[in-house]
Colleague: 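For reference, the structure I am asking about is given below.
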Amino acid sequence: MSDYDPMAVEARWQARWDRAGLFRVDDCDPDRKQYYCLEMLPYPSGKLHMGHVRNYAIGDAVARFHRMQGEQVLHVIGWDSFGLPAENAAIQKGEAPRRWTLENIATMRSQLQRLGLGYDWNREIATCLPEYYRWNQWFFLRMLEKGIAYRTSRPLNWCDSCNTVLANEQVVSGRCWRCDSPVARRQFEQWFLKITDYAQELLDNLNGLESWPEKVRSMQQNWIGRSEGAEVAFAVDGSDLKIRVFTTRIDTIYGATYLALAAEHPDIPELIRDVAERKAVQAFLDEQLARNLEDRFADTAEKQGVFTGRYAVNPFSGEKVPIWIGNFVLTDVGSGAIMSVPAHDERDFAFARKYGLTIRPVVRPVDGEPLDPATMEGAFSDYGIACTSGRFDGLHTEAAGEVMGRHAEEHGFGKRTVTYRLKDWGISRQRYWGTPIPVIHCPDCGPVGVPDDQLPVLLPEEIEFSGEGGSPLARVPSFVETSCPSCQGPARRDTDTMDTFVDSCWYYFRYLDPRNGDQPFDWEQARSWFPVDLYIGGVEHATMHLIYTRFWTMMMRDLGLVDIDEPVLRLFTQGMVNKDGFKMSKSRGNVVDPDDLIERYGADTIRLFSLFAAPPDRGLDWNEAGVEGCHRFLTRLARTVGRVASHLPASGTPEPMGECNGDTLLLRRKTHQTIARVTFNLGPRMHLNIPVSAIMELVNTATPLLKRLGGGDDGSGLPWALRECFETVALLLTPFAPHFAEDIWERLGNRRFISDAAWPVARQDLMEEDEVTVVVQVNGKLRARLTVAAGVDREVALAAAREDEGVARYLDGKQLRKVIFVPDKLLNLVVG
RNA sequence: GCGAAAGUGGCGGAAUUGGUAGACGCGCCGGCCUUAGGAGCCGGUGGGGUAACCCGUGGGGGUUCGAGUCCCCCCUUUCGCACCA
């Protein structure tokens, strides 16, 4: 055990790295390739968890690998330090959010440092500091000028538990993404960012993100949800109101036998003002609007609706159709109103059957009977031939859409259009611990942006938290009361703060220029590092952070701040860390604590196991016995190196001249094959579990040869080959267990940091086998393995196979019909 | 319901993408060392069979000289989306 004391080893090397400023990156070096390795920055919740450890172990392995390959690597960390937990801690324990947050950062920073991650700590940022968030405000003002930021009132998702509104992305099956409580709808005056202006570009660019996981791309594609169709206005009978509906099937409009509106539709009050049905409608609305999103739109919810008593006119046919309100109509989709075509849409069909509404087929199957509404069991939603559709009869309906859309445009009651599921990003939050929105509301001038020279709008420190009654900032008169920048009259500050996803939109640009006081960052400093080469994080951010940050980059480009369209070249989503098949959670009591583990095994063992136990993109089940296996490997290796170091030729001894042979050759071959295998799997493939096992294999190959050391130079070259082998092991292990690698590197007599050493290069001449195993199959079944010289031709191999008893037995008395020969690999004899 | 991914020993997982299935690690079995060991070292370990051999990558078909890998159907699991007009 005395051969390996992780605590001492790790402390020592961390101190030396730090003193040498090993991971510091100053100016960009024009002679080297720049590699930007980025991991999603953590929220400082208190302590590191195993998910962090895995994320950062992956990133550090890749970063160190690229460094050793001679690239200039930027590897940085920071803190996503605005957010609800800090505020909740203030409410529950009376601790100031700022203090609570900074203490957590201090704790977690030291945990990260104990892991020996190669970060440039000089570039560390925390988003909750005014030096950072002032630029959030600056960006907001620029967007306000360009009309990207705007204010409007809209029904929004409200989380009672977080006491704030949520963006659509932050609602997961009707529940809050953060606290999992049900989400309700409420009407709010809010600041929005016009992300929808970028919807098409966000969608189009997905094709170019070839090194992003297919899964994330398709999630974003679905999230953006482009759909092509037409907007048609239905005039309300006996009123000036027009109801706009969006449809992707304008070809079925002659079959529209009623309209259905979402309960939130803004025209409903006007529609029902004077009708006899008013009471019933209002009761229905009250009931609908009181329910939260989750069960209102749950799959199981039965279709329900109520007739408004009003009729609309189908602009194509002139037919009067009833206007209903339906619980299946989504307010966020299209215009919140649909034309219902029961014959050709399943939902409309179910609704029509339930309420006895007309079902009128207007599409005939291409080769089939016309539909009979009396006997139909479901909607016919395929394309076909138009019928009962006036002048459009006989058209194929796929083409009819185009024609009918044009017809609507020509007659001024509709137009062909594209809609997106993606909605503008509501960023106002009724919370304290976030970036204050830099706007002053003036009774005369309206909302006015705070002038740049008055930034940052600082978050007041003296604050009382009750957890009730809306935004805490609204109760701080010294914050609220101010004067209008435009007319100097008395005015009030906006008391909302920004969604914390704003913070994470651009933090990795700030890393390049973290102390710039004049602008968010200087693109001239930053440009050669962009786009980010590799971005590692959890897949849970696929439709939130990763869409917002892409949008932000485009917005910055349009502001002239950057000249890239997409921020991230390659995205890698790591899998979750589980225990006993379950997600680690306090309630389940299966949380493992990184500090405990580091104390027991050392950071290197923890890092090694995190990477060894599963491919990084898959789930990882934390398994104590497996950790011990990794620890055992390191201990054994340390002991071996300690024992043999003095028997090896001095470090730097030149390679012996002449051919090597026997075990020496085998060892050198294995060494170089391992270099190739580790390099390939660490770099392009990022299968980080393979390199670890390859290194273990190499050690297993070398160990039995050690007993032949100590007899002086026997002319075999073996001692030199062993030095090469162990130095290679140390080098290859550096990305995985860096302190350990430094330590054995030093014990092998090297003076400079292994972290600064060059990555080994596999020598082709040494990798090649001179003897190979050729598998002999007879009719596809394995019958023999022959050891032959590499490169033998078909005839030689065949002759050797015929001589083999195990093969000959199967050839006896049969006719050889065909011979398949894969050089150096396989010989398949087909007999019959 | 729709979409995607995955299914390989007792377990985590390999297989350089159509050519020796089970690398590496865990666990287990045997041996050595030891007063003792939850330490260390050596050996074994997919299943069946005394053996020659046979069977084996969720199930069933297919393509091929040859399939864990390719094609079709089905089952299971996980993850996304879920009335998107």
Side-chain angles (χ1 to χ4, degrees), chain A residues 1 172-174 213-219 221-223 225-227 229-230 245-250 252 256 260 262 296-299 301 303 326-330 332-341 345-348 350-351 419-421 539-540 542-543 575-576 608-609 612-615 617-630 632-633 635-636 639 673 676-677 680-681 685 687 689-700 703-704 773-782 784-785 806 809 817-822 824-832:
Chain A
M1 252 353 226
V172 180
S173 357
E214 190 53 50
K215 181 184 162 130
V216 173
R217 290 195 282 168
S218 82
M219 281 167 78
Q221 186 178 330
N222 292 335
W223 189 264
R226 180 190 156 100
S227 78
V245 303
F246 176 75
T247 176
T248 53
R249 290 297 302 272
I250 194 173
T252 63
R296 217 173 122 194
F297 293 116
D299 196 19
K303 292 197 173 26
N327 68 343
F328 65 102
V329 184
L330 302 176
D332 285 338
V333 178
S335 54
I338 60 168
M339 62 174 212
S340 276
V341 185
D345 181 285
E346 283 302 338
R347 298 152 298 179
D348 298 344
F351 192 83
T419 64
Y420 298 90
R421 196 185 95 113
V539 74
E540 65 272 20
T543 52
M576 291 227 302
L608 192 65
F609 179 75
F612 172 65
D617 51 347
R618 277 205 240 159
L620 164 67
D621 202 76
W622 197 263
N623 165 273
E624 204 72 19
V627 179
E628 264 162 36
C630 286
R632 219 152 35 219
F633 168 72
T635 306
R636 206 183 310 132
R639 188 162 45 232
Q673 287 171 341
R677 197 157 166 229
F680 178 63
N681 283 288
R685 287 229 299 179
H687 282 202
N689 52 328
I690 309 302
V692 180
S693 44
I695 297 166
M696 288 174 171
E697 260 184 78
L698 178 56
V699 172
N700 292 346
T703 308
T773 303
V774 169
V775 177
V776 184
Q777 299 179 337
V778 178
N779 288 345
K781 289 213 184 257
L782 180 70
R785 295 159 208 262
R809 184 163 54 228
R817 299 204 186 276
K818 193 171 177 185
V819 177
I820 283 103
F821 180 62
V822 182
D824 293 347
K825 285 215 166 139
L826 169 140
L827 185 69
N828 188 8
L829 308 176
V830 185
V831 298

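Throughout, protein chains are lettered first and strands after them, A, B, ... in sequence-line order, and every chain is numbered starting at 1. The structure presented is a predicted model; accordingly, all values stated were derived computationally and were not measured.
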Colleague: Just name whichever nucleotide pairs with A39(B), Watson-Crick or G-U, keeping both distances under 3.5 Å, else none.
Modeller: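 Answer to the pairing question: none, since A39(B) forms no Watson-Crick or G-U pair.
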
Colleague: Determine the Euclidean distance between corresponding P atoms of C29(B) and C70(B); express it in Å to zero decimal places.
Modeller: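 Each nucleotide's P atom is 39 Å from the other's.
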
Colleague: Rounded to the nearest angstrom, tell me the gap between atom CD1 in Ile820(A) and atom C1' in A67(B).
Modeller: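 Spelled out: CD1 on Ile820(A) to C1' on A67(B) is 15 Å.
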
Colleague: Using purine N1 to pyrimidine N3 plus N6-O4 or O6-N4 for Watson-Crick, or N1-O2 and O6-N3 for G-U wobble, each under 3.5 Å, what pairs with G80(B)?
Modeller: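 When the pairing criteria are applied, C2(B) turns out to be the nucleotide that pairs with G80(B).
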
Colleague: Heavy atoms, side chains only, cut-off 4.5 Å: are Phe609(A) and Asn623(A) in contact?
Modeller: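 When only atoms from C-beta onward are counted, Asn623(A) and Phe609(A) do touch, with a gap below 4.5 Å.
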
Colleague: Could you tell me the separation between the OH atom of Tyr420(A) and the P atom of A85(B), rounded to a whole number of Å?
Modeller: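 Interatomic distance, OH of Tyr420(A) to P of A85(B): 14 Å.
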
Colleague: Nearest to the side chain of Lys818(A) - C81(B), C65(B), A85(B)?
Modeller: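 The answer is C65(B), which lies nearest to the side chain.
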
Colleague: Using a heavy-atom cut-off of under 4.0 Å over every strand shown, decide if Arg226(A) touches base, sugar-phosphate, or nothing.
Modeller: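 Here Arg226(A) touches no strand at all.
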
Colleague: I'd like the P distance from G58(B) over to U64(B), given in whole Å.
Modeller: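 Those two atoms are separated by 23 Å.
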
Colleague: Does A52(B) have a Watson-Crick or wobble partner in any strand here, with both distances under 3.5 angstrom, and which is it?
Modeller: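 Paired with no nucleotide.
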
Colleague: When you compare the side chain of Val692(A) with that of Phe633(A), does any pair of heavy atoms fall below 4.5 Å?
Modeller: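 With C-beta onward as the side chain, the pair stays apart.
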
Colleague: I need the CG-P distance between Asn222(A) and A82(B), as an integer number of Å.
Modeller: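 About 9 Å, once rounded to whole Å.
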
Colleague: Roughly how far apart, to the nearest Å, are U16(B) and A21(B) at atom C1'?
Modeller: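 Per the computed distance, 15 Å lies between those C1' atoms.
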
Colleague: My understanding is that a pair needs two contacts under 3.5 Å, Watson-Crick or G-U wobble. By that rule, which nucleotide pairs with C28(B)?
Modeller: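 WC or wobble partner is G44(B).
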
Colleague: Between A82(B) and G27(B), how far apart are the two C1' atoms, rounded to whole Å?
Modeller: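 Going atom to atom, C1' in each nucleotide, I get 43 Å.
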
Colleague: Can you tell me how far CG of Asn779(A) sits from CG of Asn828(A), rounded to the nearest 0.5 angstrom?
Modeller: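 Output value for this atom pair is 7.0 Å.
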
Colleague: From Leu782(A) CG over to Leu826(A) CG, what is the distance, rounded to the nearest 0.5 angstrom?
Modeller: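 Separation between the atoms: 9.0 Å.
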
Colleague: Keeping the roles fixed (side chain from Asn681(A), backbone from His687(A)), state whether a donor-acceptor pair exists under 3.5 Å.
Modeller: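 Between the backbone of His687(A) and the side chain of Asn681(A) there is no qualifying donor-acceptor contact (under 3.5 Å).
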
Colleague: Can you work out whether Met339(A) or Cys630(A) has the more 5'-proximal nearest nucleotide on RNA chain B?
Modeller: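 With Met339(A) and Cys630(A) compared, the 5'-side residue is Cys630(A).
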
Colleague: Could you say whether Val539(A) or Gly336(A) is positioned toward the 5' end of RNA chain B, judged by the nucleotide with the nearest heavy atom to each?
Modeller: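 Its nearest nucleotide being more 5', the pick is Val539(A).
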
Colleague: Does the side chain of Asn700(A) get closer than 4.0 angstrom to OP1 or OP2 of G25(B) through an N or O atom?
Modeller: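 Yes, because at least one side-chain N or O of Asn700(A) sits under 4.0 Å from OP1 or OP2 of G25(B).
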
Colleague: C1' atom, G59(B) versus U76(B): distance in rounded Å?
Modeller: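 10 Å, rounded to whole Å.
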
Colleague: Using a 4.0 Å heavy-atom cut-off, write out nucleotides 13-18 of chain B from 5' to 3' as B (base contacted by protein), S (sugar-phosphate only) or - (no contact).
Modeller: SSS---

Colleague: Answer syn or anti for G25(B), where the cut-off is 90° from 0 on the glycosidic torsion.
Modeller: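 Anti, angle beyond 90° from zero.
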
Colleague: To the nearest Å, give me how far apart CD (Glu628(A)) and P (C24(B)) are.
Modeller: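 Nearest whole value for this atom pair: 21 Å.
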
Colleague: How would you label the contact of Ser218(A) with the nucleic acid (heavy atoms, under 4.0 Å): base, sugar-phosphate, or nothing?
Modeller: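 No contact.
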
Colleague: Syn or anti for U78(B), please, going by whether the chi angle lies within 90° of 0.
Modeller: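 It is anti.
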
Colleague: Which nucleotide in the list A85(B), C65(B), A82(B) gets nearest to the side chain of Val830(A)?
Modeller: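 Given the options A85(B), C65(B), A82(B), the side chain of Val830(A) is closest to C65(B).
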
Colleague: Given C83(B), C65(B), G25(B), which nucleotide is nearest the side-chain atoms of Met696(A)?
Modeller: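 Within the option list, the nearest is G25(B).
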
Colleague: Nearest to the side chain of Asn623(A), which nucleotide is it out of A85(B), C26(B), A21(B)?
Modeller: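 Ranking A85(B), C26(B), A21(B) by closest atom to the Asn623(A) side chain puts C26(B) first.
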
Colleague: Would Lys303(A) count as a cation-pi partner of Phe351(A), with NZ or CZ less than 6.0 Å from the six-membered ring centre and within 45° of the ring normal?
Modeller: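 The answer is no; the distance or angle limit is not met.
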
Colleague: For the side chain of Lys303(A) and the base of C83(B), is some donor closer than 3.5 Å to an acceptor across the two?
Modeller: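 By the distance-only test, yes, there is a pair.
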
Colleague: Glu697(A) near the nucleic acid: base, sugar-phosphate alone, or nothing, with a heavy-atom cut-off under 4.0 Å?
Modeller: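 Since only primed, P, OP1 and OP2 atoms lie under 4.0 Å of Glu697(A), the category is sugar-phosphate.
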
Colleague: Return the value, rounded to whole Å, for the distance between atom CG of Asp332(A) and atom C1' of A82(B).
Modeller: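 Those two atoms, CG and C1', are 15 Å apart.
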
Colleague: What interatomic distance, in whole Å, is found between C1' of G10(B) and the corresponding atom of U17(B)?
Modeller: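 Per the computed distance, 29 Å lies between those C1' atoms.
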
Colleague: Using Watson-Crick or G-U wobble geometry with both distances below 3.5 Å, tell me the partner of G7(B), or none.
Modeller: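 Per the H-bond distance test, C75(B).
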
Colleague: Just how far, in rounded Å, is P of G66(B) from CG of Asn779(A)?
Modeller: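 Result: 8 Å.
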
Colleague: Less than 4.5 Å apart, side chain to side chain, heavy atoms only: is that true for Glu697(A) and Gln673(A)?
Modeller: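 Contact flag for Glu697(A)/Gln673(A) side chains = no.
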
Colleague: Between A39(B) and C33(B), how many Å separate the two C1' atoms, rounded to a whole number?
Modeller: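 Nearest-Å result for A39(B) against C33(B) at atom C1': 11 Å.
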
Colleague: Given that both distances must come in under 3.5 Å, which nucleotide forms a Watson-Crick or G-U wobble pair with U57(B)?
Modeller: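 Its partner: none found.
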
Colleague: Send over the distance from Asn828(A) CG to U64(B) C1', rounded to a whole Å.
Modeller: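 The answer, rounded to whole Å, is 11 Å.
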
Colleague: State which of G66(B), C81(B), G40(B) makes the closest approach to the side chain of Val172(A).
Modeller: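 Nearest to the side-chain atoms of Val172(A), counting from C-beta on, is C81(B).
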
Colleague: The test is side chain to side chain contact (heavy atoms under 4.5 Å, CB included); show your working for Met339(A) and Thr252(A) and say whether it passes.
Modeller: CA-CA 10 Å; Met339(A) 62 174 212; Thr252(A) 63; 3.9 Å; yes

Colleague: Would you indicate whether the side-chain heavy atoms of Thr247(A) and Arg249(A) approach each other to under 4.5 Å?
Modeller: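 SC-SC contact between Arg249(A) and Thr247(A) confirmed.
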
Colleague: Heavy atoms only, 4.0 Å cut-off, all strands: where does Gly225(A) land among base, sugar-phosphate and nothing?
Modeller: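 Contact class for Gly225(A): none.
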
Colleague: Quick check for you: to the nearest 0.5 Å, what is the distance between Arg217(A) atom CZ and Gln221(A) atom CD?
Modeller: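 Atom-to-atom, Arg217(A):CZ and Gln221(A):CD are 9.5 Å apart.
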
Colleague: May I ask you to test the Ile338(A)-Phe328(A) pair for a side-chain heavy-atom distance under 4.5 Å?
Modeller: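 A side-chain contact under 4.5 Å exists here.
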
Colleague: C24(B) P sits how many Å from Phe633(A) CZ, rounded?
Modeller: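 Checked: the CZ to P distance equals 12 Å.
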
Colleague: Searching all strands shown, indicate the nucleotide that pairs with G19(B) (Watson-Crick or G-U wobble; both distances under 3.5 Å).
Modeller: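 Its partner is C65(B) (Watson-Crick or G-U wobble, both distances under 3.5 Å).
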
Colleague: Picking from G66(B), A85(B), C41(B), which would you name as closest to the side chain of Arg636(A)?
Modeller: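 Of the options given, the side chain of Arg636(A) lies nearest C41(B).
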
Colleague: Say you pick atom P in A36(B) and the same atom in U50(B); how far apart are they, in whole Å?
Modeller: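 The answer is 37 Å between these two P atoms.
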
